[in-house]
Amino acid sequence: MPADASSPLVPPLSPSAVYVFPDLDALDAVYEGAAAGYVYARDGHPNARDLADRLTALEGGRWGVVCGTGMAALTAAFVPLLAAGSTVVASDRLYGKTTRLLKGELSRFGVATVFVDVTDLNAVRAAVETHRPRVLFAETLSNPLCRAADVPALAEIAHAADCRLVVDNTFATPALCRPLDLGADVVMESLTKLVGGHSDVTLGFVGGTDAAHGETVAAAVSAWGLSAPPFDCWLTLRGLETLPLRARAATDNAASLADWLAGRPGVARVAYPGLASHPDHAVVKRLMPTGAANMMCFELAGGRDAVNRFLRAAPGIPFAPSLGHTSTTVSYPWGTSHRFDPPADKLREGITEGLVRVSVGCEPFEQLAAEMAKGLAAAAS
Ligand SMILES: *Cc1c(COP(=O)(O)O)cnc(C)c1O
């Protein structure tokens, strides 16, 4: 057979768990790095490599690894940086499972976590100086009320204390914010959300600036079994093709929706960092000059009953407790992401029984507004 004169435009899917070698010399060459190749899929495969390379370039990192979920990526980022006796200083408004990882899992291995309000830089500085942590951890935009982490200021505090700044950039995405450019040492994303973008994969990414840390993360992925399956990587690579377009369209829709919602009957407040009324509006404008992303919350004055009426009257905006889908979905922080937090903690964060979280999508704005109008009319009735 003559060699092919053409090649596929779309990367092939490589589901193989293991790779074949012609002899021992070929195996040695791969292990020693003298030849490119893979041995066993938990340690690497072409679809994970393609996706990691693309995301690493998008983040401006020196290394990047794809993991089976966002939580796997966080585990892979943390484990090599921590040991028994070390401390993490973390935001007190994290994704619920991240708090659980730090407080309920890593704590059993002798890692202590101190939670602080990362929007209060004096409090962060005091915590870092007192506890001398290995890691300072924050989310670019918090869930659900989009409180922002001032990444350059946090990086300065961390680096003055010989500590790494790790940022969960899931809500912002690399299309709108690049934490490594702003001084973070490590960036992590749940690709399950906006980057995958179609609610059909669970996957995570971690990348950073220090190549030696990258090698220890890759070793942790193999030993802790955190690797990503080929088909999910392949689908996410496909999602990544449209990330900039989807991020743009959803951000424009979110800005329009925030204006449209503000002051509607029955809407007690709108929390969107693109609005001047948001407490972190100025920080977000500086960190994300091209737009404040697609996540927002609004509060229905009628509480839980009004939320139920809204959901039943607006089935075109599905109630689905995740985010980052192509079209708009809503979630209910009181009963989903923050379900198991004591009510006093929820209220301290601003999470009330009437609060609805919106993941704005890319559908035409008129379609979104028409469905929202149906929901709000029912909520107010
Ligand atoms: C969803 C999410 C995670 C966890 O990602 P999974 O892919 O669900 O494991 C972490 N951080 C944030 C901000 C998230 O929204």
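In each ligand, atom 1 is the first atom listed, and ligand 1 is the first ligand listed.
The option from Lys193, Glu139, Met188, Glu189 that lies nearest to atom 15 (O) of ligand 1, judged by heavy atoms, is Lys193.
Any N or O atom pair closer than 3.5 Å counts here, and Met71 shares at least one such pair with ligand 1. Residue Thr98 places no N or O, backbone or side chain, under 3.5 Å from any N or O of ligand 1. Residue Leu323 has no N or O atom closer than 3.5 Å to an N or O atom of ligand 1.
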TODO: Give the C-alpha distance, both sets of side-chain angles, the deciding distance and a yes or no for side chain to side chain contact (heavy atoms under 4.5 Å, CB included) between Leu101 and Phe78.
DONE: CA-CA 10 Å; Leu101 173 66; Phe78 283 149; 3.9 Å; yes
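At a cut-off of 3.5 Å, with distance as the only test, no side-chain donor of Glu139 or Ser91 sits close to an acceptor on the other residue. Residues Ser199 and His325 have side chains that bring a donor and an acceptor to within less than 3.5 angstrom of each other. With hydrogens and angles left out, the side-chain atoms of Asn143 and Arg357 include a donor and acceptor closer than 3.5 Å. Between the side chains of Ser6 and Asp4, not a single donor N or O lies within less than 3.5 Å of an accepting N or O.
Assignment of Asp168 to the shell around ligand 1 is supported, since a heavy atom sits closer than 4.0 Å.
Summary of contacts: the protein heavy atom closest to atom 3 (C) of ligand 1 is Tyr95 CE2, 3.4 Å.
Heavy-atom proximity to Thr69, at under 4.0 Å, picks out these atoms of ligand 1: 7 (O), 9 (O). Near Gly70, the atoms of ligand 1 lying under 4.0 angstrom from a non-hydrogen atom of the residue are 5 (O), 6 (P), 7 (O), 9 (O).
At a heavy-atom cutoff of 4.0 Å, ligand 1 is contacted by no atom of Thr202, backbone or side chain.
Of the listed residues (Leu165, Val88, Asp185), just one forms a side chain to side chain contact (heavy atoms under 4.5 Å, CB included) with Leu136, and that residue is Leu165.
Between Arg54 and Asp50, no side-chain nitrogen of the basic residue sits less than 4.0 Å from a carboxylate oxygen of the acidic one, so the salt-bridge criterion is not met.
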